[in-house]
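First the structure, in the form of C-alpha cells, and then the observations on it.
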Amino acid sequence: MKRKILIKMLHNKGWWFLKHGGNHDIYTNGTEIEPIPRHKEISENLAKAIIKRRNL
C-alpha cells in the first residue's frame, strides 16, 4: 500500500502529524499515537494491521 493513501486514511479519521521519529513519522489523535514508517510502499500486512487497529 502507498504511504500517502494510509496517511490520507488517518487524516480522514481525525489523526494528525505529531513529530518525526528515527525511522518513522508519529501520528496522533490526541490520546493515542501511531508510528508510520517512512517508506513509499508499506507492506500489505503492516498496512492491514494499522487499519484494523485504528478502525480505518
Side-chain angles (χ1 to χ4, degrees):
M1 171 179 268
K2 297 273 186 203
R3 181 177 189 267
K4 291 172 82 173
I5 294 170
L6 185 59
I7 290 173
K8 189 177 284 190
M9 292 171 73
L10 283 169
H11 280 287
N12 290 339
K13 287 288 190 170
W15 291 72
W16 66 89
F17 174 79
L18 181 63
K19 64 180 183 174
H20 293 289
N23 294 318
H24 296 74
D25 288 336
I26 310 300
Y27 285 82
T28 184
N29 65 357
T31 57
E32 300 175 301
I33 62 169
E34 185 66 49
I36 305 295
R38 276 194 222 115
H39 303 287
K40 287 186 179 188
E41 282 287 328
I42 297 175
S43 73
E44 286 299 317
N45 290 336
L46 178 59
K48 286 179 183 178
I50 293 171
I51 289 169
K52 184 176 180 181
R53 182 170 50 236
R54 300 304 174 195
N55 296 319
L56 304 177

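This is a predicted model, so every value here is computed, not measured.
With sequence neighbours excluded, the residues that form a salt bridge (charged side-chain N to carboxylate O under 4.0 Å, His left out) with Glu32 are Arg54. Take His11 and apply the side-chain contact (heavy atoms from CB on, under 4.5 Å) test, not counting sequence neighbours, and it matches Ile7, Tyr27. A search for salt bridge (charged side-chain N to carboxylate O under 4.0 Å, His left out) contacts involving Lys2 returns Glu41, not counting sequence neighbours.
Note that CD1 of Ile50 is 13.5 Å distant from NZ of Lys52, once rounded to the nearest 0.5 Å. Separating the CH2 atom in Trp15 from the CD1 atom in Ile36 is a distance of 8.5 Å, to the nearest 0.5 Å.
Residue pairs satisfying the salt bridge (Lys or Arg N to Asp or Glu O under 4.0 Å) criterion with at least one member in residues 15-31, sequence neighbours excluded, are listed as follows: Arg3-Asp25, Asp25-Arg38.
For CG of Asn23, the number of neighbouring non-hydrogen atoms (other residues, nucleotides, ligands) closer than 6.0 Å is 12 at most.
With side-chain heavy atoms closer than 4.5 Å counting as contact, directly or through intermediates, the hydrophobic cluster containing Leu18 also holds Ile26, Ile33.
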Pair Lys40, Lys4 - check side chain to side chain contact (heavy atoms under 4.5 Å, CB included), show working. CA-CA 8 Å; Lys40 287 186 179 188; Lys4 291 172 82 173; over 6 Å; no

Given the rule in the side chain to side chain contact (heavy atoms under 4.5 Å, CB included) test, do Asn29 and Leu10 qualify, once you have shown the distances and angles that lead to the verdict? CA-CA 9 Å; Asn29 65 357; Leu10 283 169; over 6 Å; no

Intermediate values then yes/no, side chain to side chain contact (heavy atoms under 4.5 Å, CB included), Leu56 and Asn12: CA-CA 9 Å; Leu56 304 177; Asn12 290 339; over 6 Å; no

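Under the 3.5 Å distance criterion, the side-chain polar atoms of Glu44 are matched with a main-chain donor or acceptor of Met1.
Among all heavy-atom pairs drawn from Ala47 and Ile42, the shortest one is N-CG2, 4.1 Å.
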